[in-house]
> 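Okay, here's the structure, questions in a sec.
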Amino acid sequence: MIKYILWDIDNTLLDFDMAEKASIISGLKRLGIDKISEDSLEDYKKINDKYWKKLEKGEITRREVLLGRFKEFFDQEGIDYDQDIVEIFNENFQKDLGINVAFHKNAKNVLEKLKKDYKQYAITNGTKVAQEAKIENSGLDKILDGVFISEDLGVDKPNKEFFDIVLKQVGSKDPRDYIVIGDSLTSDIKGANNAGIKCIWFNPKHKINEKDVSIDYSIHDLAKVIDILDDLSD
């Protein structure tokens with residue numbers, strides 16, 4: 001029987017795409033760039049995704065993700081920069097991400113409905129600076145029972161070690177007591193597979209599962225989480 005829910009934050013509970021776009025635009029304005037095309041913003045998303053995927057595979061460090069993505073983006077856009085500019089841009093970007101927060105449709109309502117019957121925790125690979133601010137500014141700190149940030153744990157999703165630490169700190173080491181809910185096949189769902197935990201893939205864009213992962217449930221609307229948990233409790 002499920003007792004604990006492990007929620008991803010970015011693009012699951014919170015609308016990360018909105019926050020990312022607003023934060024990139026703010027950062028570029030600080031560099032004197034007032035206009036950025038939608039194509040360029042989409043190119044950044046692809047670059048960023050590529051770097052985070054490499055981190056998930058253990059191919060690069062977190063610092064290489066945070067700085068490397070902007071260096072590649074600046075090169076692509078023909079933006080002059082040095083190391084200091086990239087460092088400052090990243091620092092401001094993390095702060096902006098923590099300010100630009102908005103819940104996904106039905107997310108807050110679902111969290112509040114589930115609170116009386118389940119312990120709910122956030123599990124995230126996002127940076128400590130950004131995630132702590134998001135959690136406070138969104139009010140998630142008043143709803144969730146705890147937050148696990150990979151930067152604090154010293155290991156990232158989808159590594160089994162990440163979930164071993166979470167289970168130990170929550171209090172039950174039995175993976176059958178948990179369910180993972182997230183949008184990323186390579187981070188959340190693969191991580192759940194690695195840890196032997198049931199999972200719900202939040203897939204609002206109706207993507208096709210082309211990864212080597214097993215999905216217990218796939219949903220397009222977070223409201224469906226309540227139905228799934230009701231079925232599992234019968």
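Everything numeric here is computed off the predicted structure, so don't read it as measured data.
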> Any chance the rings of His104 and Phe202 have centres within less than 6.0 Å?
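Centroid distance His104-Phe202: below 6.0 Å, so yes.
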
> Go through the steps to decide whether Leu14 and Lys134 satisfy the test side chain to side chain contact (heavy atoms under 4.5 Å, CB included), and finish with yes or no.
CA-CA 9 Å; Leu14 300 181; Lys134 287 178 195 178; 4.0 Å; yes

> Is it the case that the side chains of Arg62 and Ser150 hold a donor-acceptor pair, with the cut-off being a distance below 3.5 Å and no angle test?
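Per modelled atom types, Ser150 and Arg62 side chains form a pair under 3.5 Å.
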
> If a pair satisfies salt bridge (charged side-chain N to carboxylate O under 4.0 Å, His left out) and one of its residues is in residues 178-206, list it, with sequence neighbours excluded.
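Residue pairs passing salt bridge (charged side-chain N to carboxylate O under 4.0 Å, His left out), neighbours aside: Asp17-Lys205, Lys157-Asp188.
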
> Does Glu38 pair with Lys21 as a salt bridge, N-O distance under 4.0 Å?
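Here Glu38 pairs with Lys21 in a salt bridge, since their nearest N and O are under 4.0 Å apart.
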
> Hydrophobic clusters join Ile, Leu, Val, Met, Phe, Trp and Tyr when side-chain heavy atoms are under 4.5 Å apart, directly or via other members; which others share one with Ile208?
none

> Taking all heavy atoms of Ser214 and all of Asn193, pick out the closest pair and write down the distance.
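Looks like N-OD1, 2.7 Å.
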
> Would you say Phe16 ends up clustered with Tyr51 if hydrophobic residues are merged whenever their side chains have heavy atoms under 4.5 Å apart, either directly or through other cluster members?
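In one cluster: yes.
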
> Return yes when atom CG of Asp231 has more than 12 non-hydrogen atoms of other residues, nucleotides or ligands closer than 6.0 Å, and no otherwise.
yes

> Testing the 3.5 Å rule here: is there a donor-acceptor pair between the side chains of Lys71 and Gln83?
yes

> Other residues, nucleotides and ligands only: do more than 12 of their heavy atoms fall within 6.0 Å of CG on Asp82?
yes

> Using every non-hydrogen atom in the two residues, find where Ile197 and Asp216 come nearest and quote the distance to one decimal.
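Closest approach of Ile197 to Asp216: O-OD2, 4.2 Å.
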
> Answer yes if the side chains of Ser26 and Ser23 hold a donor-acceptor pair under 3.5 Å, and no otherwise.
no

> Test your reading of the model: is there a side-chain donor-acceptor pair from Asn159 to the backbone of Val155, 3.5 Å cut-off?
no

> Count the heavy atoms of every other residue, nucleotide or ligand shown that sit under 6.0 Å from NZ of Lys105, and state whether that count exceeds 12.
no

> Got a second to check how far Ser218's OG is from His206's NE2, nearest 0.5 Å?
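If I round to the nearest 0.5 Å, the distance is 9.0 Å.
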
> Show, in sequence, the C-alpha distance, side-chain angles and deciding distance for Val225 and Trp7, and conclude whether the side chain to side chain contact (heavy atoms under 4.5 Å, CB included) test is met.
CA-CA 11 Å; Val225 169; Trp7 289 96; 4.2 Å; yes

> Between Ile149 and Leu13, is there shared hydrophobic-cluster membership here, with clusters defined by ILVMFWY side-chain heavy atoms closer than 4.5 Å?
yes

> Taking atom CD of Glu112 and atom CD of Gln120, what is their separation to the nearest 0.5 Å?
10.0 Å

> Side-chain contact test, heavy atoms from C-beta onward, threshold under 4.5 Å: evaluate it for Phe162 versus Asp156 and give yes or no.
no

> Over all heavy atoms of both residues, which pair between Arg69 and Val65 is shortest? Give the atoms and the distance, please.
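That closest heavy-atom pairing would be CG-O, 3.0 Å.
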
> Could you see if Val101 belongs to whatever hydrophobic cluster contains Val129? Use Ile, Leu, Val, Met, Phe, Trp, Tyr and a side-chain cutoff under 4.5 Å.
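Looking at the clustering, Val129 is in a separate group from Val101.
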
> Is a donor on one side and an acceptor on the other found under 3.5 Å between the side chain of Glu151 and the backbone of Lys128?
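Yes; at least one donor-acceptor contact below 3.5 Å.
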
> Please determine whether side chain to side chain contact (heavy atoms under 4.5 Å, CB included) holds for the pair Leu140 and Phe103, giving the CA-CA distance in whole Å, both sets of side-chain angles, and the decisive distance to 0.1 Å.
CA-CA 10 Å; Leu140 281 171; Phe103 279 98; 3.7 Å; yes

> Just by distance, do the side chain of Asn100 and the backbone of Asp96 share a donor-acceptor pair under 3.5 Å?
yes

> Would a 4.5 Å heavy-atom cut-off, applied to side chains only, mark Lys119 and Val170 as touching?
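No. Closest side-chain heavy atoms not under 4.5 Å.
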
> From Ile9 CD1 over to Ile123 CD1, what is the distance, rounded to the nearest 0.5 angstrom?
9.5 Å

> Please determine whether the number of non-hydrogen atoms from other residues, nucleotides or ligands lying under 6.0 Å from atom NZ of Lys45 exceeds 12.
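Result for NZ/Lys45: enclosed.
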
> Any heavy-atom pair between the side chains of Ile79 and Leu28 that's under 4.5 Å?
yes

> How about Arg30: does its CZ atom have over 12 heavy atoms from other parts shown lying under 6.0 Å from it?
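It does: Arg30 CZ has more than 12 such atoms within range.
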
> Measuring from atom OG of Ser187 to atom CH2 of Trp52, what distance do you get when rounded to the nearest 0.5 angstrom?
9.5 Å

> Decide if atom CD of Gln169 counts as having more than 12 heavy atoms of other residues, nucleotides or ligands within a radius under 6.0 Å.
yes

> Does Val180 reach the side chain of Phe163, with side-chain heavy atoms less than 4.5 Å apart?
yes

> Count the heavy atoms of every other residue, nucleotide or ligand shown that sit under 6.0 Å from NZ of Lys53, and state whether that count exceeds 12.
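Check passes, neighbour count above 12.
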
> When you compare the side chains of Glu56 and Asn125, does any donor N or O come within less than 3.5 Å of an acceptor on the partner?
no

> Could you go step by step and tell me if Lys57 and Lys54 meet the side chain to side chain contact (heavy atoms under 4.5 Å, CB included) rule?
CA-CA 5 Å; Lys57 295 176 183 177; Lys54 287 183 177 181; 5.8 Å; no

> Can you hop from Val110 to Tyr121 via hydrophobic side chains spaced under 4.5 Å?
no

> Are side-chain heavy atoms of Tyr217 and Lys224 found at a separation under 4.5 Å?
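They are not in side-chain contact.
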
> CG of Leu222 to CG of Leu111: how many Å apart, nearest 0.5 Å?
8.5 Å

> Could you tell me whether the side chain of Asn203 and the main chain of Lys207 form a donor-acceptor pair under 3.5 Å?
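Looks like yes, one N/O pair under 3.5 Å.
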
> Ile181 and Ile5: which non-hydrogen atoms are nearest, and at how many Å?
CD1-CG2, 3.6 Å

> Please report whether the ring centroid of Tyr81 lies less than 6.0 Å from that of Phe89.
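No, the ring centres sit 6.0 Å or more apart.
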
> When you look at Asp221 and Asn106, which way does the side chain to side chain donor-acceptor pair (under 3.5 Å) test go after all the steps?
CA-CA 8 Å; Asp221 185 334; Asn106 293 324; 2.8 Å; yes

> For the atom pair CD1 (Ile189) and CG (Asp212), what is the distance rounded to the nearest 0.5 Å?
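Reported value, rounded in 0.5 Å steps: 13.5 Å.
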
> For the hydrophobic clusters of this structure (ILVMFWY residues joined by side-chain heavy atoms under 4.5 Å, transitively), does one cluster hold both Ile24 and Leu97?
yes

> Are any non-hydrogen side-chain atoms of Ile143 and Lys108 less than 4.5 angstrom apart?
yes

> Which atoms form the tightest heavy-atom contact between Asp8 and Asp10, and what is the distance?
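The answer is OD2-O, 2.9 Å.
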
> Looking only at non-hydrogen atoms, find the nearest pair between Lys168 and Lys173 and report the distance.
CG-CE, 4.1 Å

> From the options Phe148, Tyr118, Tyr178, select the one residue that forms a ring-ring contact (aromatic ring centres under 6.0 Å, His included) with Tyr4.
Tyr178

> Between Glu72 and Lys50, does at least one N-O distance fall below 4.0 Å, as a salt bridge requires?
yes

> Measuring only between side-chain heavy atoms, which start at C-beta, is Ile36 closer than 4.5 Å to Leu41?
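SC-SC contact between Ile36 and Leu41 confirmed.
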
> Would you say the side chains of Ser40 and Glu77 form a donor-acceptor pair under 3.5 Å?
yes

> Would you mind reporting whether Glu132 and Glu136 have side-chain heavy atoms less than 4.5 Å apart?
no

